Amino acid sequence: MDAIIILQAGVATGTVLLFATIGELFAERSGVLNLGVEGMMLIGAMTAFSITIATGNPWIGVCMAMLAAGLLSQIHAFITITLLADQVVSGLALTFVGTGISLVLGEGLSKAGTVALLPSFSIPVLAQIPLLGAIFFTKQSILVYIGYLLTPLAWYYINRTRGGLHLRAVGEYPAAADALGLNVFRTRYFYVFVGGMLAGLAGATISLAVAPGWFSELTTGGQGWIAVGLVIFAQWDPLRAAGGSYIFGALRRLILDIQGPTILLGFKNPFYYNPYWGFFLQMLPYAFTVLVLVIGSREAIRKRLGAPAALGEPYIRGERGL
Amino acid sequence: MAETPMAVKRRRFLNYQIRIEPRLTEPPAWYPLVVSLGAILMALVLGGILITQAGGDALRSYAHIAKASFGNLGVLSDTLVKATPILLAALACSIAFRMKLWNIGAEGQFIMGAFGASAIVLAPVLSAETPRWFFLTVMGLAGLAAGAIWGFIPGFLKAKFNVNEIISTLMMNYIAVAWMNFWIFGVWSEGGFQMSPKFPTSAWLPRLLEYSKSIPTFRGLTTHAGLLIGIVAAVILWLIVYRSRWGYEIRLIGDNPQAAKYAGVNITRNIVYVMMLSGALAGLGGMSEVAGVVHRLQTAPIATGYGFTGIIVAWLAKLNPIIIILVSVLFGALILAGREIQPSGVPKMIQGIILVSLIASDFLLRYRIHIVRVEAES
């Protein structure tokens, strides 16, 4: 077991969470909590895989995955923004719908065999950096590199541009944003769509790059929910979201890889295909998510940091807002 | 900005304008029922379109669901068997949702209840010769306790650290599956198979077919006492919610936490208590499923999503425990018949679409839509 190989694979696994987390972060920054990430990711993974099989071109698969998940997210947008329904229940419903549709339309895909995957390559100069080059810039999928670009761009957009300012205004104080002439409804629709597209991209990252194939609900295995948890841990900051995603990615890989070798650090590996310990290892990412939430929530209370003020609240024009 | 006139224009169609106003008075009693039925009809139409898209025959699927679940006494009994775990899981969700406590962990609490009850048989805590009533009582208590513990953890984290209960209960679901698998594969495996040994008959809930000697109609009917437990639980829960002080507090917190706080209701403590009650009900569902149907601990028939279906059922029944009984039977039918429908994801998809259209239809309960004639623009 080579630590560098595990971390390298962990970065790829973490990219899935990264896309989903940043997508959810955009939606929540605009004031809309979307719990449908898991369902949108499944739709994305299924669409990417089946379109790639049909066309032979993974890029068309990725684009269609983003579009499909984006469209699905608009159901949630319509129900919560226009029909003013509870965002929690609607998000749950979206997960059910996304899971159900992807199971129905993905019927038989698991036996479809292999598809053309997205290209993987090393970055010429950066790959020479000792240690970091091997982990981050060697033989990674192109989506991993897109992830590196997305993180600072998302941060810059949210914190330093006019569009980001509007996004934050709508999420913090929609009534004031409305009074200043921003279209609260359109802004929220748009960022829910962005969140959906990124969740679709996360799904495509699984089925076309990280763990190619379609394994019904096990394709995502709860990563959409972990992403929702990571947004809270990240305190709605893309940079923290990226850190959390890569740590979780590495943890997931470690759990898979630790059961392989017979000798671990000179000792007999207690996890070597052991049915007893394997299940406890499986629990770790989920237990870790709960732990991370405890830490994140405590910190938020202490520093008085928190969610966007209008998160979860429908905006009704003319009613006394926040 | 040119936004305001645009917004008005968009709602204008010919000479008519759609106006949306909040409802100031309660709609008549039949109205919510009609809206819900309309929403379900809408969902079936949408689901039918998707089934057709996936290469299935929608009408045939639906006709099959109806025939395979209510066609005769035998399948009706099977429907009730499927409805039983859904009923208890939905009751669990309803009490938590009543307080706007989003317990999505009924699935995990259900699994832990099944595990707790099985541990009594498999550990073994009681021997196979134990009198049946005593055996089942202890198993029921173990299921209640295991579920309550699994509900306590996220409840405590929410009360103490303000940890989002949606995520924590969901994560606990995954942990519960791994925990149950550990015991099934690693400790109680029967000859290396992925299941525990079968329970002795003293640990089986009574089924109707046991009485077929005196009442011949019951021959072959597998409906078990879990259904009775579920109905009793529903009645008790109804009494708690609508006729007790505690129920009033729960409803008050759900409707208006600020008012509850000023009225001196202890919200923190209620979060923990309600999560435990919710977990206990789901755990009881798990116990009823292992002791009434599966008769052994096995992953596939237990971790099959009853907890998630419970969420939809609770919502469809508007959190009313008595209505939950009826809705559970309908969903039992959907799941029972759905097993044979191709493609296999259809029941799950229809459940999701039903939930979406229900939530959307709530809009009609809170707002009224007027179509008014306006003068043509000059």
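Proteins come first, then strands; the chains are lettered A, B, ... in the order of their sequence lines, and each starts at number 1. Remember, it's a predicted structure, so these values are computed and weren't measured experimentally.
Proximity to chain A (any heavy atom under 4.5 Å) is restricted, for B/Ile311, to the side chain, taken from C-beta onward. For chain B, the nearby part of A/Val88 is the side chain; its heavy atoms alone come within less than 4.5 Å. Looking at B/Trp183, neither its backbone nor its side chain comes within 4.5 Å of chain A, counting heavy atoms on both sides. Heavy atoms of B/Ile359 lying under 4.5 Å from chain A belong to its backbone as well as its side chain. At a 4.5 Å heavy-atom cutoff, the contact between A/Ile75 and chain B is made by side-chain atoms alone. Within the 4.5 angstrom heavy-atom criterion, atoms from both the backbone and the side chain of B/Phe308 approach chain A.
Between the side chains of B/Asn181 and A/Gln282, not a single donor N or O lies within less than 3.5 Å of an accepting N or O. Checking A/Glu38 against A/Thr95 by side-chain atom types alone, no donor-acceptor pair falls below 3.5 Å. Using modelled atom types and a 3.5 Å distance limit, the side chains of B/Gln351 and B/Thr309 yield a donor-acceptor pair. Side-chain contact annotation: B/Asn103 with B/Ser278, donor-acceptor N/O pair under 3.5 Å present.
By number of non-hydrogen pairs under 4.5 angstrom with chain B, the leading residue of A/Leu94, A/Leu92, A/Thr99 is A/Leu92. For the options A/Phe78, A/Phe185, A/Phe96, heavy-atom pairs under 4.5 Å to chain B are most numerous at A/Phe96. Of all the listed residues (B/Val163, B/Asn173, B/Leu364), the one sharing the greatest number of non-hydrogen pairs under 4.5 Å with chain A is B/Val163. Your options are B/Ala178, B/Ser168, B/Ala176, and the one with the most heavy-atom pairs under 4.5 Å with chain A is B/Ala178. In terms of heavy-atom pairs under 4.5 Å with chain A, the best-connected choice from B/Leu157, B/Ile353, B/Ile312, B/Ile350 is B/Ile312. Among A/Val89, A/Ile232, A/Ile101, the residue making the largest number of heavy-atom pairs under 4.5 Å with chain B is A/Val89.
A salt bridge links B/Lys318 with B/Asp362; the closest basic N to acidic carboxylate O contact falls under 4.0 Å.
In terms of heavy-atom proximity, B/Ala92 sits nearest to B/Ile95 at O-CG2, 3.3 Å. Shortest non-hydrogen contact noted between B/Val272 and B/Ala159 is CG2-CB, 3.8 Å.
Under a cut-off of 6.0 angstrom, the local environment of CZ in B/Arg366 is crowded, with over 12 non-hydrogen atoms contributed by other residues, nucleotides or ligands.
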